[in-house]
Amino acid sequence: MTEKKKDLLFYIVAISLPVLQFCIFYIGVNFNSLLLAFQEYDVASGSYRLCGFTNLSNVWEEFFNTFLLKNGFFNSLKVWALTTVISLPLSLLFSFFIYKKFPLKNFFKVALFLPSVISGMVTVVIYLYFVERAIPGMAEKLFGYEMVGWLGNVDTQFGAVLFYNIFYSFGGYILLFVGAMNSVDPSVSEAGALDGVSGLREFWYIVFPKVYPTFCTFLVLSVAGIFTNQFSLYSFYGIEASNNVMTFGYYLYAITSVATTAEYPRIAAIGVLMTLFVIPITLLVKYVLGKIGPKEDAV
């Protein structure tokens, strides 16, 4: 066997497992979900049968006539807007702070990235004990004020979960942003410094254009995942999160975990409708981001 054939055989063997996993757990699962949206379960025969667009029609009516689906829909949009508006700009800011090697850069690098390398359940438990026991305990001992934990209080639970998700997302953002910033030619920054370029102008005209493709990737992926984002609710509440914080992604995950065979078609129909809603928005955002953004102009 020639070296070329050996390399080809090695490549085929190495890639066969991930390709098989992709075919089974992505293509197969999603194709089956698409089929389920147009089927119903026949109890008498114990099998599925085609029902046309009945499930989609029922879910469409349910969305406008019930509070649960509408609430989950708007909560998902609200969560996406808040996390995107807060997380991405702050991640860029901290990444630039680390990139420029300002004082305490190592502290911020460790503090912001550490949650990403620790098990998600560990960080959830630590945060849970902090906001449910530590903060109420300190409030009572220091000020004699009895308070309900932030996650147990309807008025504060959304903000408490939002803070956790924002803080937890910093690690992945910063790792890739700093990596992209390090690709900037040092001579360009040095030339800008000699010309008296301010930090803000250096960021906008020199650094951000290098980071912009990464920024666009994060933003497009966040739009595509609007209705699959659980907001870490399952880790905090199991299947008992209140409607005040429930997102569409959490709702689908929670009802699927306890659903019967007869309920799968309805869940699949919900997923299909949300996919049809988010696909054009994702493509539009990708197109717009490709047309705008800072350019590597002269400073």
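Predicted model, so just to flag it, every value in this text is computed and none were measured.
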Where do Leu56 and Val59 land on the side chain to side chain contact (heavy atoms under 4.5 Å, CB included) test, with the steps shown first? CA-CA 5 Å; Leu56 297 176; Val59 170; 5.9 Å; no
Working for side chain to side chain contact (heavy atoms under 4.5 Å, CB included), residues Phe73 and Leu77: CA-CA 7 Å; Phe73 177 86; Leu77 294 178; 3.5 Å; yes
Quick one: do Val223 and Lys286 satisfy side chain to side chain contact (heavy atoms under 4.5 Å, CB included)? Show the steps, please. CA-CA 9 Å; Val223 173; Lys286 184 177 183 298; over 6 Å; no
Derivation and outcome, side chain to side chain contact (heavy atoms under 4.5 Å, CB included), residues Lys70 and Phe63: CA-CA 6 Å; Lys70 284 192 292 186; Phe63 177 82; 4.2 Å; yes
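When hydrophobic clusters are built by joining Ile, Leu, Val, Met, Phe, Trp and Tyr residues whose side-chain heavy atoms come closer than 4.5 Å, directly or via intermediates, Val207 is not grouped with Leu200. The hydrophobic clustering, which links ILVMFWY residues whose side-chain heavy atoms are closer than 4.5 Å, places Trp80 and Phe74 together. Under the 4.5 Å side-chain heavy-atom criterion for Ile, Leu, Val, Met, Phe, Trp and Tyr, Leu34 and Leu276 are members of the same hydrophobic cluster. Hydrophobic clustering of Ile, Leu, Val, Met, Phe, Trp and Tyr side chains at less than 4.5 Å, counting indirect connections, keeps Leu221 apart from Tyr287. Residues Leu68 and Ile239 are members of one and the same hydrophobic cluster, defined by side-chain heavy-atom contacts under 4.5 angstrom among Ile, Leu, Val, Met, Phe, Trp and Tyr.
Looking at heavy atoms from C-beta onward, Met147 lies out of side-chain contact with Asn153 at the 4.5 angstrom threshold. Residues Thr54 and Glu40 form no side-chain contact, since every pair of their non-hydrogen atoms from C-beta on lies 4.5 Å or further apart. The shortest side-chain heavy-atom distance between Phe215 and Pro89 does not fall under the 4.5 Å cut-off. Phe97 places none of its side-chain heavy atoms less than 4.5 Å from the side chain of Leu93. For the pair Thr83 and Ser169, the minimum side-chain heavy-atom distance is 4.5 Å or more.
Relative orientation of the Phe208 and Tyr212 rings is perpendicular, given thresholds of 30° and 60° on the angle between their planes. In this pair, Phe167 and Phe170 present their aromatic rings perpendicular. The plane angle is above 60°, beyond the 30 to 60° band. A tilted orientation is assigned to the rings of Phe231 and Phe158, their planes being inclined by 30° to 60°.
A donor-acceptor contact shorter than 3.5 Å is absent between the side chain of Tyr48 and the backbone of Ala262. A donor-acceptor pair under 3.5 Å links the side-chain atoms of Asp185 to the main chain of Ser187, judged by distance alone. A side-chain donor-acceptor contact under 3.5 Å links Ser183 to the backbone of Ala180. Tyr168 contributes no side-chain N or O that, together with a main-chain N or O of Ser232, makes up a donor-acceptor pair within less than 3.5 Å. A donor-acceptor pair is defined here as one N or O able to donate and one able to accept, closer than 3.5 Å; such a pair exists between the side chain of Asn65 and the backbone of Glu61. Judged by distance alone, the side chain of Asn30 and the main-chain N or O of Tyr26 form a donor-acceptor pair under 3.5 Å. Proximity of a side-chain donor or acceptor of Glu132 to a complementary backbone N or O of Trp150 within less than 3.5 Å is detected.
No side-chain donor-acceptor contact under 3.5 Å links Thr247 and Ser76. Counted by atom type alone, Asp42 and Ser45 present one or more donor-acceptor pairs between their side chains at under 3.5 Å.
To the nearest 0.5 angstrom, Leu233 atom CG is 13.0 Å from Glu240 atom CD. One distance of note links CD1 of Ile226 with CG of Asn229; it measures 9.5 Å at 0.5 Å rounding. Taken to the nearest 0.5 Å, the CD1 atom of Ile12 stands 11.0 Å off from the CG atom of Asp7. Atoms OG1 and CE, on Thr214 and Met181 in that order, are 9.5 Å from each other to the nearest 0.5 Å. The CZ atom of Arg266 lies 9.5 Å from the CG atom of Asn58; values are rounded to the nearest 0.5 Å. Here OG1 of Thr256 is found 4.0 Å from CD1 of Ile267. Values are rounded to the nearest 0.5 Å.
Taking the centre of each ring, Phe218 and Phe177 come in below the 6.0 Å mark. Aromatic rings from Phe94 and Tyr173 are positioned such that their centres are separated by 6.0 Å or more.
Contact between Leu219 and Ser222 at its shortest, heavy atoms only, is O-OG, 2.6 Å. Closest of all the heavy-atom pairs between Asn55 and Gln39 is ND2-O, 2.5 Å. Shortest non-hydrogen contact noted between Ser33 and Ala268 is O-CB, 3.2 Å. Asn75 and Met246 make their closest contact through ND2-O, 2.8 Å (heavy atoms, listed as atom of the first residue, atom of the second, distance). Smallest separation of non-hydrogen atoms from Ile270 and Leu252: CG2-CD2, 3.6 Å. Across Ser95 and Ser91, no two heavy atoms sit closer than the pair OG-O, 2.6 Å.
Other residues, nucleotides and ligands place more than 12 heavy atoms under 6.0 Å from the CZ atom of Phe64.
In this view, Ser242 and Gln157 satisfy the side-chain hydrogen bond (donor to acceptor under 3.5 Å, both in side chains) rule, not counting sequence neighbours. Applying the side chain to side chain contact (heavy atoms under 4.5 Å, CB included) test to Val124 and every residue at least two apart in sequence or in another chain returns Tyr164, Ser235, Phe236.
Pairs engaging residues 244-272 under the ring-ring contact (aromatic ring centres under 6.0 Å, His included) rule: Phe227-Phe248, Tyr234-Tyr253 [sequence neighbours left out].
Looking at Thr156, Leu151, Ile166, Asn244 one by one, the single match for side chain to side chain contact (heavy atoms under 4.5 Å, CB included) with Val161 turns out to be Leu151.
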